[in-house]
Amino acid sequence: MSQFWKPGTEKPRILDDEEGGVLFLSSSFSSSASGYGFANIEKQRQRLPVYKYRTAILYLVETHATTIIVGETGSGKTTQIPQYLKEAGWADGGRVIACTQPRRLAVQAVASRVAEEMSVKLGEEVGYTIRFEDITDADATRIKFLTDGVLLREMMDDPLLTKYSVIMVDEAHERSISTDILLGLLKKIQRRRPELRLIISSATIEARSMSDFFRSSKKHQGLESEDLGPSMEPAILSVEGRGFNVQIHYVEEPVQDYVQASVSTVLLINDQEPAGDILVFLTGQDDIDAVVKMLTEETQNSRKNSSGLIVLPLYSGLSRSEQDLIFSPTPRGKRKVVISTNIAETSLTLEGIVYVVDSGFSKQRFYNPISDIENLVVAPISKASARQRAGRAGRIRPGKCYRLYTEEYFMNEMSAEGIPEIQRSNLVDCVIQLKALGIDNILGFDWPASPSPEAMIRALEVLYSLGVLDNDAKLTSPVGFQVAEIPLEPMISKMILASSELGCSEEAITIAAVLSIQSIWFSGRGVQKQLDEAKLRFAAAEGDHVTFLNIYKGFLHSGKSSQWCHKNFINYHAMKKVMEIREQLRRITLRLGIVLKSSEGDMQVVRKAVTAGFFANACRLEPFSHNGMYKTIRGSQEVYIHPSSVLFRVNPKWVVYHSVVSTDRQYMRNVITIDPSWLTEAAPHFYQQQRQNPM
DNA sequence: GAGCACTGC
């Protein structure tokens, strides 16, 4: 192990490689103090790296329709730029400055921070909107933070987003589906509203390609070069961050087994490096549990330094209390080692990390439009992710990042950016959203990154079979518009609409709410057996959906008690979320004129309603199958009932599923028994067509 | 016999 590492080249900053084409403005643009009160906060604000670009930013926004700001974390761009814009008058005359984030937590955190800096009450001049929470005042709010998903929803009522003068899209480098749709739509809006200003902000963006995207609107616009109005040429500005230097180490030879290599590297750091916590990036729970186990054994068996290690796993499936351990301060003389998934790359920030070990891999979603199945596979990360991971070591002082791959691999083989989510996903949600916004030519939509035509066509097919789109691929009335209005997967929305006619809409919105969250079960480690036993208490012969109804009934009966949840291995926070979504759905369905009605225990109509939404996911048990193999009716794909389902090992002949998870096999999650005659009833042409053209 | 991470009127 001693010659295992070679020190990487000393680099002044992590983000120095190949950000070609980024304009770095000279300090001659630096502005002076703005003269706003509250000396302490004002001083703090002035110390942020973004401050010296204040005048430059305002100048660029004034003169360019789109400004692209490349800035590392800690530059202060998210909190400061909206304030600069407001100070410069962009919120005068009742106009609003918007700033979008991909995550709810970030929206709340940033909004509170800005309200505090401006000494205003949150929800007045500064507000935020996320699902279930609108902390804004229609008359008073001038700076509004929101998730990009909420802004997309706002476009359904106000397609040109007329109340906003400037829209800042933050974290654009993450390239989430919502961000990409939003960018495509904002570019369209810009042609109709030349006065609208866009700021695209991002950490390690391929600024050039984003700029190309916004520039190309010019050619569509024909003659527009009157002297008035902003330049359509996007401006690019780079702002440095405030992180500390992170020294990069590479392995000399490719590692065979990154699990083993992570363990050795952690022990090596612990042996040879001064105090400071370690963060290890692996791919998933399996890897993580393996490394935790190996390190824990090492700690217990060794009389050496490694006894000072506190080893903690981190992934989203952990319970709240297990996650809280991560944030407790490291005791003196000890060293914390956090073994994490990608969750620590963007969603969670750990303080006190000085060393990062990067396996070079993460689990990523890939969608196969032919089989219509999303796969979760271990894949190499991008350079942008590698930098992001390394940056986690430089938050409190200079740190080190140990990459479990060679420098040659990083330089020559690692791709610069990850594949945008929109090219790795099922597009049903995305297509219906665009249709609802009046975008008829989906295939011709101007995307920052185009999804594959196959995926697009598959989405159109599914929506057509649901009766959401007509022969001309236009939204049907009323079903199409109603499905688009309900903020759920279209198949779930269709189930709700069908339930209205079947007289079980109360049950349907409960099922819809449960299917919309990850899991309602308590996910602790080492409680598997108790969890299985608890599940049996609610299990229904019809399947998981009916089981959810039993749980919901029990929860209500207990007075929504957290102890009841605890006793039954149900996640109380998840149940609270179910109640919130259900309440939202209740309001929406009432607005759509759906009468809420319970089937009073008749589960046959409930199963019919599920079938009406999910007929495309119908499966039949293979005759003579001894291992529970099913085949999908639509594509003859081999699938199995997931072990978490109440129908696991029961293997009824006909089922529909909610989703498939794909590991070594394709597992159906959330399964319900059906009668095959309901399929032709629910979707006659879909199943007729299937018979004629078996796929 | 098994789960990357987010998110929505």
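Order of the sequence lines sets the chain letters (A, B, ...), proteins ahead of strands, with each chain counted from 1.
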Taking the side chain of [X] as heavy atoms from C-beta outward, which of [options] is closest to it?
X        : options             : result
A/Lys363 : B/dC6, B/dG3, B/dG1 : B/dG3
A/Gln285 : B/dG1, B/dC4, B/dT7 : B/dC4
A/Arg103 : B/dG1, B/dC6, B/dC9 : B/dC6
A/Arg365 : B/dA2, B/dC4, B/dT7 : B/dC4
A/Glu421 : B/dC9, B/dA2, B/dA5 : B/dA5
A/Thr341 : B/dC9, B/dC4, B/dG3 : B/dC4

Protein-nucleotide distance ([X], atom [atom1]; [N], atom [atom2]), rounded to Å:
X        : N     : atom1 : atom2 : value
A/Asp148 : B/dA5 : CG    : P     : 20 Å
A/Asp287 : B/dA5 : CG    : P     : 12 Å
A/Ile177 : B/dC6 : CD1   : C1'   : 11 Å
A/Tyr128 : B/dG8 : OH    : P     : 12 Å
A/Gln584 : B/dT7 : CD    : P     : 14 Å
A/His173 : B/dC6 : NE2   : P     : 15 Å
A/Glu374 : B/dC6 : CD    : P     : 16 Å
A/Gln101 : B/dG8 : CD    : P     : 12 Å

Residue A/Leu590 excluded, over 12 heavy atoms near CG under 6.0 Å: yes

Geometric cation-pi criterion, A/Lys383 with A/Phe410: 6.0 Å, 45°: yes

Nearest heavy atoms of A/Thr147 and A/Val107, plus distance in Å: N-CG2, 3.7 Å

Donor-acceptor side-chain pairing of A/Tyr405 and A/Asp358 below 3.5 angstrom: yes

B/dG8 phosphate, OP1 or OP2, under 4.0 Å from A/Arg104 side-chain N/O: yes

Any A/Ser316 side-chain N or O less than 4.0 Å from OP1/OP2 of B/dA5: yes

Residue met sooner reading DNA chain B from 5', once A/Lys577 and A/His642 are mapped to nucleotides: A/His642

A/Ser644 vs A/Arg153, nearer the 5' end of DNA chain B by closest nucleotide: A/Ser644

Heavy atoms under 4.0 Å, any strand shown: does [X] hit a base, just sugar-phosphate, or nothing?
X        : answer
A/Leu376 : base
A/Val661 : nothing
A/Asn627 : nothing
A/Ser362 : nothing

Close side-chain approach of A/Leu596 to A/Ile509, heavy-atom, < 4.5 Å: yes

Close side-chain approach of A/Ser659 and A/Glu374, heavy atoms under 4.5 Å: no

